[in-house]
Amino acid sequence: LIQAFVSLVKNDGSFSHQLVIVGQKLWLYNPIFDEVRKSGCEDRIIFTDYLQEEDLVLLYNFADVFVYPSLYEGFGLPVLEAMACGCPVVTSNTSSLPEVVGNAGILVNPFEIEEIAQAVLALLSNQELRVKLKNEGLRQARLFSCRKMAEKILEVYRELSQYGQ
């Protein structure tokens, strides 16, 4: 993500966006900071550390695009949260993310820096696409809820209990 962002900054003189990275500094964070230092874009990349839910909601609502090139996801809750806030999404075409996003985002190979950069640029330079994905994301996010999950689990338990009788 950092390399894709730096590519956009260096190849497009009019690119004025910032990259905001949310998350705690845990193990293996030093190479991330080294990459930012080497990039020459330190003043355009912001690290927030951990954020409370209400602050995350604000960030999702003010972001022009949410980029999540994850290599592995059990479910992909951040992508769902972004879509529920109406933020257009670029995310990985791996693990559970295509199922979570459906047609409501741009799927990319998380190992392809240029593919990530081009997807971000496509969204930032095309208002019609951003609006379309915002609306699709809001629709897609409604397909998921704690209540629906609980109902599905209950349904599975009921089916399983029939086998024990």
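Counting from 1, the numbers follow the sequence of the chain as shown.
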State, with a plain yes or no, whether a side-chain heavy atom of Val65 is found less than 4.5 Å away from one of Leu124.
yes
Distance, nearest 0.5 Å, that separates SG of Cys41 from CD of Gln3:
12.0 Å
With a 4.5 Å limit on heavy-atom distance, are the side chains of Phe5 and Ser39 in contact?
no
Compare every heavy atom of Asn109 with every heavy atom of Glu115, then report the nearest pair and how far apart it is.
OE2-N, 3.0 Å
Are there over 12 heavy-atom neighbours, none belonging to Asn135, within less than 6.0 Å of that residue's CG?
yes
Would Leu129 end up clustered with Leu121 when hydrophobic side chains under 4.5 Å apart are linked, directly or stepwise?
yes
More than 12 non-hydrogen atoms from neighbouring residues, nucleotides or ligands closer than 6.0 Å to CD on Glu53, yes or no?
no
How far apart are the closest heavy atoms of Val22 and Asp49, and which atoms are they?
CG1-O, 3.8 Å
How close do Pro110 and Ile116 get, counting heavy atoms only, and between which atoms?
O-CD1, 3.8 Å
Among Lys134, Glu136, Met83, which residue satisfies the side chain to side chain contact (heavy atoms under 4.5 Å, CB included) criterion with Val89?
Met83
Kindly work out whether a path of hydrophobic side-chain contacts (I/L/V/M/F/W/Y, heavy atoms less than 4.5 Å apart) joins Ile113 to Leu8.
no
Could you state the interatomic distance from CZ (Phe15) to NZ (Lys10), rounded to the nearest 0.5 Å?
13.5 Å
Nearest 0.5 Å please: distance from the CG atom of Asn61 over to the SG atom of Cys87.
8.0 Å
Of all heavy-atom pairs between Ser95 and Pro98, which one has the smallest distance, and what is that distance?
O-CD, 3.5 Å
Would you indicate whether the side-chain heavy atoms of Leu133 and Leu123 approach each other to under 4.5 Å?
yes
Where Gln140 and Ala104 come nearest, the two heavy atoms and their spacing:
CB-CB, 3.8 Å
Look up atom CD1 in Ile32 and atom CG in Asn30, then write down how far apart they are to the nearest 0.5 Å.
9.0 Å
Angle between ring planes, Phe144 versus Phe75, binned at 30° and 60°: parallel, tilted or perpendicular?
perpendicular
For Ser96 and Glu99, what are the C-alpha separation, side-chain angles and deciding distance, and is it a side chain to side chain donor-acceptor pair (under 3.5 Å)?
CA-CA 6 Å; Ser96 64; Glu99 183 180 348; over 6 Å; no
Parallel, tilted or perpendicular: rings of Tyr68 and Phe66 (30°, 60°):
parallel
d(Leu107 CG, Thr91 OG1) to nearest 0.5 Å is 7.0 Å
Indicate yes or no: at least one non-hydrogen side-chain atom of Lys25 is less than 4.5 angstrom from one of Phe47.
no
Say whether Val108 and Val6 are linked into one hydrophobic cluster, either directly or through other cluster members, by side-chain heavy-atom distances under 4.5 angstrom.
yes
Does Val67 belong to the same Ile/Leu/Val/Met/Phe/Trp/Tyr cluster as Ile45, with side-chain heavy atoms less than 4.5 Å apart forming each link?
yes
So, are Glu155 and Arg158 salt-bridged, with charged N and O less than 4.0 Å apart?
no
Any side-chain heavy atom of Leu97 sitting closer than 4.5 Å to one from Ser70?
yes
pair Asp55-Val57: side-chain heavy atoms closer than 4.5 Å
no
Once rounded to the nearest 0.5 Å, what's the spacing between atom CD of Glu42 and atom CZ of Arg44?
13.0 Å
Find out if a path of hydrophobic residues (ILVMFWY) with successive side-chain heavy-atom gaps under 4.5 Å connects Val101 to Leu80.
yes
Provide the closest heavy-atom pair for Gln18 versus Ile46 in the form atom of the first, atom of the second, distance.
OE1-CD1, 3.6 Å
